Amino acid sequence: MELKLKLYLQESIMQKGHEANAGSTILKGFISPFDAAVVERSSAASIDIAGRVSVDEFSVLTITDDQPEEITPAVERVVADLSGEAGPATAVLCNDLFGKVRRQAAAHNLYYLQPSYGTVSRYGLIPSASSMDQIGILTSNLTDAFMLLTKLAGKDERDGAMYPETAYDYGINSDSHKDKDGTGHTPIRLAFPSNVWAKKADSSACTALFTEQPDRFDIVSCELKYFELFRQVLYILSCAEICNNTNRYDGIKFGYRSPNYKSIGDLYVNSRSEALGLDAKLTIIMGAKVLAQENYTPLYEQAMKIRRLIKEAVNFSDYDVIALPTSLSGEPYEESALHALTALAGLPSITLPEGGGIQLIANSKREDLLYRAWEVLKV
Amino acid sequence: MNYEVVMGLEVHVELATESKLFCSCSAKFGADANENVCPACAGMPGMPAVTNKRAVELGIAAALVTNSKITEVMSFDKKNYFYPDLPTGYQITQLYAPICTNGSVEIETTAGKKIITLKQIHIEEDAGKLVHDHRTGTTLVDFNRTSVPLTEIVSNPDFRTADEVVAYLEKLRSLLSFAGVSDCKMQEGSMRCDVNISVREAGSSQLGTRTEIKNMNSLKAIVRAIEYESQRHIDALSTGSEVLVQETRRWDDNKGETFSMRGKENATDYRYFPNPELMPVRIDAAWIEAVRNELPESAADKFARMTGEMGLSEYDSRIITGSKNLSAIFDETLRFFNRPKDVVNWINGELLSIAGGDNKGSDDINIDCERFARLIGLVDSNTINRTIGKELLVKVLKDGIDPEAYIAEHQLGNITDTGFLEQLADEALAENEPSVKEYLEGNQKVIGFLVGQIMRKAEKKADPKAVNELVQKKLSALH
Amino acid sequence: MSNITEYAAIERLALTDSETDLISAKANYLEEGFAALASVDTSALAPLVTVLAVESVLREDVSTKMLSREDLLATAPEQYDGYFQVPKTLE
């Protein structure tokens, strides 16, 4: 069954012979010497790359500009294609570290599929935060996105941070509506963390999606422990990793080199200062700060430990899927808390515009549950 | 006032792997600049690091030969700093869980035996090389060496003299080269040593201000640097001529002095953190046993075997076991000609002096051992004589000739036609009647002269022993 | 405690005065939330470095040549005689 898609790449995904700038001037002129694994695998599935879309510089959190948030190019691309001529669905491969693409997808009637960390190769992804980076799929057709994911996911020897499974099928081709002994539907246990949903003015549209189908979904209540610390832990860990991953951009080997320098010291400082944007600079400086000897234990190490608590607190034995809103109408740093769980715990999720925007999060490598939920919801 | 010099060593040793530590570029020494470089080790984004299994195995081997305690689950960390030879802006190293700790190395100096204790050994990647180009006044960067695997061997401050340091480095070199961990060639940079040195009043248990000396490229330079720096410390303490500062200093072998290195090494916060891309490595008992079973024979064991069951002299055995390369030549040649005494004589007596004539040492000899073995056999069987054999050894070493083919082509074999030899002998005796007369008068010494005459006629292609017997037979017949 | 300018220098960044002010303000804003981390008792915990419960991902020791030197240096800002070129670096 051949999959037809109009597939775009964010500028942080490398394509041989093309410039890959990850949204930064410092990578201007950097021509990728090789294709990303996701590009190789798309090509093997006869899906060509239709083009590239720009991205926030190294996918950092953009908070230095207090202006209202603009539409992100990935979302803009899909919306534009939808209003154009009919044809295959559009999809954009993204690294949505802080949830901006997901938040805007829900607001623009689009979908997002975030795979489990460690199932899609990062070979050819210009890294931001290596322990959280995850190539996900923004799309107008979530079923197609799952199909595409079966082609992209699987162990790549060139990325050491992956599960060993060589392929994933998410139960797509099996009769996913029946449980093992074929006696009928097993309801998906859906948890609505009360401490998060309480912040949303009106969550009735979201819950209605599921209460309308009582034989398919069991709604349970839970607490999302440490939610009030999610955004800090996410920020501290990611700014340090982004800082480290961008220290290689120095004007020496490739990319931007300042025309203004006499000494090697100038070359470093001027190249980086002239070419990096303000949000990137903020992230990098905060990264240096949290890793500094005087701060490492109370900030970085503490954040790593709380990350362990966060991951262990999501108890997928009491529920199968967690439902969270996609937006609480805060500003970007606040909003990043909603999308932090997938980054911090490496969990898969789907983001839907239905009900005013909802994301369903499953346990690692349980995209099959998300697919099953989608199968029910889409009809 | 009596002063005591206290030293600790950090020795970096390049692991003998085919590929680099975190990418698949060749790790071999000697390529043209930037020929062994890929996007990863040039600092380009998008290629995650993946750990070289052999590097871990060689690390385990290093741990075993230093009696170290192997860490059950080891991991890698990132050390951040900016320098042109560091293309990613960080070095992947081990801070929190190095491969092993608490080892020891026994050394022997003229003062006796001593145990040097090790703090730890860790695995890390090497940096690139900077070349200062005088013509353009710029610095040129070569990333061939970037990400080549290193083990850093950190000792405790157990050293008290330069002799101990030299003995330790030679012992480390022997242990590691025989274990196949590294070729440990200081002149090629596969073994480098930094010395941490401080001085205190004899009898004190407090350590003095410590300085680190870098950039010593030979054992001699290390000794000179230690002597200079310890004296500088002593002068500072005894006369107050300068205030000692904890710092890194660079040894300048031409000037014979150390100089303070401002900037790079001093007061840098490396902002270490665990590397999330590299999964921890579990080193279990089964893996350790597998590496232990594969460990090549140590120099000490080989020495015992050579002097024991092979019956070789300590002198000869010490020469062979002084070099991994020479030991390998010895072992390999023995495979084809299993007479240890002959092989060791040919190596220590002939091969080393030929190589020495070309300024090559034990570590640099490269010879086809099978052909070498056959050559030894040809001399042993009197097919060619020893003098010709020595000449051919030069050709086997330098040109890799096939001994049998060469002998046939140039007709160098000993004369086998006994009739012809007798004829030459008769000629020689006829041509040298005065000598024959001397023999008949009782002078035995002329035998040697007559043998020489026959050998010359035979163009040396005869066994001198056989010719000697022939001459004696003919002369006796004249009585 | 170092200030923003010092951390920037560690990262080889030179900020204008207005950048320094803006970044300082945002840093303060972010750090207000960091204080809450201290309230969590993590004394018995090991840090989480990766979410994957995977160990010993190792590569066979085989060397390959991925790029020619020519391709490698093709995007170099300055190159000389097969090397990347930078201003004279002091030891």
Side-chain angles (χ1 to χ4, degrees), chain A residues 29-31 33 63-64 117-118 131 157 160-164 226 228-229 231-233 235-236 243 247 250-255 257 261-264 267-270 272-273 276 278 281-282 284-289 292 294 298-299 301-309 311 333 345-346 364, chain C residues 1-2 4-16 19 22-27 29-54 57-60 66-67 71-79 84-90:
Chain A
F30 172 64
I31 308 294
I63 58 172
T64 57
Y117 182 85
S131 77
E157 295 307 315
M162 295 190 80
Y163 289 111
Y226 305 109
E228 68 286 358
L229 296 177
R231 69 191 187 288
Q232 296 94 313
V233 172
Y235 195 89
I236 289 171
C243 170
N247 282 350
D250 51 20
I252 290 177
K253 299 94 56 183
F254 53 86
R257 177 184 283 207
Y261 66 92
K262 289 209 171 56
S263 69
I264 181 74
L267 197 161
Y268 275 113
V269 172
N270 296 350
R272 289 167 62 80
S273 303
L276 291 168
L278 201 53
K281 283 175 176 164
L282 168 64
I284 289 167
I285 289 167
M286 289 303 296
K289 192 165 195 194
E294 64 267 19
L299 291 181
E301 192 185 58
Q302 181 71 346
M304 284 197 286
K305 292 181 171 189
I306 297 176
R307 185 179 186 181
R308 182 179 293 287
L309 288 172
K311 181 169 185 292
Y333 181 46
S364 193
Chain C
M1 290 286 157
S2 307
I4 291 300
T5 312
E6 283 160 20
Y7 289 120
I10 286 170
E11 286 298 324
R12 300 302 186 267
L13 294 172
L15 304 175
T16 64
E19 283 179 331
L22 184 47
I23 287 177
S24 298
K26 290 296 175 183
Y29 161 68
L30 292 165
E31 283 161 35
E32 274 164 30
F34 292 175
L37 262 63
S39 64
V40 183
D41 179 10
T42 58
S43 48
L45 286 175
L48 184 93
V49 178
T50 174
V51 300
L52 303 179
V54 169
V57 180
L58 301 167
R59 170 177 57 86
E60 290 303 319
M66 192 175 162
L67 271 189
D71 286 339
L72 177 75
L73 291 170
T75 53
E78 297 268 2
Q79 51 151 311
F84 294 90
Q85 188 178 40
V86 298
K88 186 158 160 59
T89 302
L90 299 166

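Chain identifiers are assigned alphabetically (A, B, ...) following the order of the sequence lines, protein sequences preceding nucleic acid strands; residue numbering begins at 1 within each chain. These numbers were taken from a predicted model, which means no experiment stands behind them.
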Let me know if K311(A) has heavy atoms under 4.5 Å from chain C in its side chain, its backbone, both or neither.
side chain

Counting only heavy atoms closer than 4.5 Å, note whether A292(A) contacts chain C via side chain, backbone, both or neither.
side chain

Measure distances from [X] to the heavy atoms of chain A and classify the residue's part below 4.5 Å as side chain, backbone, both or neither.
X      : result
L37(C) : both
V40(C) : both
F84(C) : side chain

Only pairs of heavy atoms separated by less than 4.5 Å count here; which of L72(C), L15(C), L30(C) has the most with chain A?
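Among the listed options, the one with the most contacts to chain A is L30(C).
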
Aromatic rings Y333(A) and Y29(C): how do their planes relate, parallel, tilted or perpendicular, breaks at 30° and 60°?
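Taking Y29(C) first and then Y333(A), their aromatic rings stand perpendicular (interplane angle over 60°).
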
Rounded to the nearest 0.5 Å, what separates atom CG in L278(A) from atom CG in L22(C)?
5.0 Å

Between the CD atom in E11(C) and the CZ atom in R272(A), the distance rounded to the nearest 0.5 Å is 5.5 Å

Holding to ring pair (Phe, Tyr, Trp, His ring centres under 6.0 Å), I want the full list of residues that pass it with Y117(A), two or more places apart in sequence or in another chain.
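With sequence neighbours excluded, Y117(A) shows a ring pair (Phe, Tyr, Trp, His ring centres under 6.0 Å) to no residue whatsoever.
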
Whether S273(A) side chain and A14(C) backbone form a donor-acceptor pair below 3.5 Å:
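Pair found, side chain donor or acceptor close to backbone of A14(C).
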
Checking Q302(A) side chain against T42(C) main chain: does a donor-acceptor pair fall under 3.5 Å?
no

Closest heavy-atom pair and its distance - V51(C), R307(A):
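It is CG1-NH2, 3.6 Å.
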
Looking at residues at least two apart in the chain, or sitting in another chain, which of them share a side-chain hydrogen bond (donor to acceptor under 3.5 Å, both in side chains) with Q85(C)?
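Residues passing side-chain hydrogen bond (donor to acceptor under 3.5 Å, both in side chains) with Q85(C): T138(B).
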
Against chain C, work out which of V233(A), I63(A), L267(A) has the most heavy-atom pairs shorter than 4.5 Å and name it.
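Heavy-atom pair counts peak at I63(A).
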
